[in-house]
Amino acid sequence: SKCDEPINPGCAGDVNVFDSGSLITYEVEVRNNGTDPAFQVVVRDPLPAGLTFVSAQDVLGGDGSFLCGESGGVVTCTGGTLDGSLDLIPGLPTQRTLEIVVRAPQVRQQTYTNQVFIDPFNAIAESNETNNSARDTSTVASPYNLTLDKDGPTTAQQNNTESYVI
């Protein structure tokens, strides 16, 4: 399966077309590419209008995990600790996966772009501030295609009863 990095929606990178009303799971890979540990890391995901929040969690859990919640259509995961490449905190990973689940709206067809930010307020001094966001675009489409057929006579006489099959 193919998923975009560092955001792996649904894996929305796999399909990119979802049925209206279905669940979409965004897998957000959060990494520390630096040498030292990063403490109190924040990830922020302002959900596209129309998507309904269902849940969010740090998949790994345990020490250094993120605590996630949603308010006003914005998912915020806080308190994460990511070790650096020098492995100064044995047992803590340099990468964590956040799983954000939303419900697609009941629409005929609509495209949504979800953009996620790590350290959105630049609270952590880092060497590269340009790699702190990722986006994925998905299409939500109706799974229904209703049709109607009518069969019957092509002509009718006045005062006669005719039968049609719908």
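The basis for the numbers below is simple: all heavy atoms, side chains too, and nothing from hydrogens, waters or symmetry mates.
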Undergrad: Looking only at heavy atoms, which two atoms of Gln106 and Gly21 are closest? And how far apart?
TA: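 What the structure gives for the nearest pair is NE2-CA, 3.4 Å.
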Undergrad: Can you name the side chain to side chain contact (heavy atoms under 4.5 Å, CB included) partners of Asp63, sequence neighbours left out?
TA: Leu92
Undergrad: Rounded to the nearest 0.5 Å, what separation is found between the CD atom of Gln115 and the CZ atom of Arg135?
TA: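 Reported value, rounded in 0.5 Å steps: 4.0 Å.
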Undergrad: Which residues pass the salt bridge (charged side-chain N to carboxylate O under 4.0 Å, His left out) test with Asp119, not counting sequence neighbours?
TA: none
Undergrad: So, for Val140 and Pro105, which heavy atoms are closest and what is the spacing to 0.1 Å?
TA: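 Minimum heavy-atom separation between Val140 and Pro105: CG1-O, 3.7 Å.
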Undergrad: My understanding is that a hydrophobic cluster links ILVMFWY residues whose side chain heavy atoms are under 4.5 Å apart, including indirect links. Using that, what else belongs to the cluster containing Leu60?
TA: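 Traced through the cluster, Leu60 reaches no other member.
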Undergrad: Under the side chain to side chain contact (heavy atoms under 4.5 Å, CB included) rule, what do Thr94 and Leu82 come out as? Steps first, then yes or no, please.
TA: CA-CA 5 Å; Thr94 59; Leu82 300 168; 5.7 Å; no
Undergrad: Could you note down all residue pairs passing salt bridge (charged side-chain N to carboxylate O under 4.0 Å, His left out) where residues 77-90 supplies at least one of them, sequence neighbours left out?
TA: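 Qualifying pairs: none.
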Undergrad: Show me the pairs that pass disulfide bond (SG atoms under 2.5 Å apart) and involve residues 88-123, at least two apart or across chains.
TA: none
Undergrad: What pairs with Ser127 under side chain to side chain contact (heavy atoms under 4.5 Å, CB included), at least two apart in sequence or on another chain?
TA: none
Undergrad: Please identify each residue that fulfils side chain to side chain donor-acceptor pair (under 3.5 Å) with Glu129, with sequence neighbours left out.
TA: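 Counting only residues at least two positions away or on another chain, Glu129 forms a side chain to side chain donor-acceptor pair (under 3.5 Å) with Asn132.
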Undergrad: For residues 66-79, tabulate all N or O donor-acceptor pairs below 3.5 Å that involve a side-chain atom, not counting sequence neighbours.
TA:
from  : atom 1 : to    : atom 2 : distance (Å)
Glu70 : OE2    : Gly73 : N      : 2.8

Undergrad: Sequence neighbours left out, what pairs pass disulfide bond (SG atoms under 2.5 Å apart) with at least one residue falling in residues 90-166?
TA: none
Undergrad: Contact between Thr139 and Gln109 at the side-chain level, heavy atoms closer than 4.5 Å - yes or no?
TA: yes
Undergrad: Go through the structure and list residues passing side chain to side chain contact (heavy atoms under 4.5 Å, CB included) with Glu99, not counting sequence neighbours.
TA: Thr25, Gln57, Val59, Val101
Undergrad: Please find the pair of heavy atoms, one from Phe39 and one from Ile124, that lie closest to each other, and give the distance.
TA: O-CD1, 3.8 Å
Undergrad: Starting from Val42, can I reach Ile100 by hopping between I/L/V/M/F/W/Y residues whose side chains sit under 4.5 Å apart?
TA: no
Undergrad: If I compare all heavy atoms of Leu88 with all of Pro37, which pair ends up nearest, and what's the gap?
TA: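 Scanning both residues completely, I find the closest heavy atoms to be CD1-CD, 3.7 Å.
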Undergrad: By the salt bridge (charged side-chain N to carboxylate O under 4.0 Å, His left out) test, which pairs, at least two apart or in different chains, include something from residues 48-62?
TA: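 Every salt bridge (charged side-chain N to carboxylate O under 4.0 Å, His left out) pair that includes a residue of residues 48-62, provided the two are not neighbours, is Asp58-Arg96.
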Undergrad: How long is the gap from CG on Asn33 to CG on Asn128, to the nearest 0.5 Å?
TA: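 Between Asn33 CG and Asn128 CG, I get 9.0 Å after rounding to 0.5 Å.
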Undergrad: How would you list, by chain and number, every residue that makes a side chain to side chain contact (heavy atoms under 4.5 Å, CB included) with Ser85, sequence neighbours excluded?
TA: Thr35
Undergrad: Which heavy atom of Arg103 sits nearest to which heavy atom of Val54, and what is that distance?
TA: N-CG2, 3.8 Å
Undergrad: Any donor and acceptor pair, going by atom type alone, linking the side chain of Asn114 with main-chain N or O of Leu47 inside 3.5 Å?
TA: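 No, the answer is negative, given that no donor and acceptor are paired below the 3.5 Å cut-off.
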Undergrad: Is there a path of hydrophobic side-chain contacts, each under 4.5 Å between heavy atoms of I, L, V, M, F, W or Y residues, that connects Ile89 with Val41?
TA: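 No, because Ile89 and Val41 fall into different hydrophobic clusters, even though each may have its own neighbours under 4.5 Å.
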Undergrad: I need the minimum non-hydrogen distance between Tyr112 and Gly50, along with the two atoms involved.
TA: CE2-CA, 4.5 Å
Undergrad: To the nearest 0.5 angstrom, please state how far the OG atom of Ser133 sits from the CG atom of Asp45.
TA: 11.5 Å
Undergrad: Under the side chain to side chain contact (heavy atoms under 4.5 Å, CB included) rule, what do Tyr26 and Val102 come out as? Steps first, then yes or no, please.
TA: CA-CA 8 Å; Tyr26 291 95; Val102 297; 3.7 Å; yes
Undergrad: In the single-linkage hydrophobic clustering (I, L, V, M, F, W, Y; side-chain heavy atoms under 4.5 Å), do Val116 and Leu23 co-cluster?
TA: no
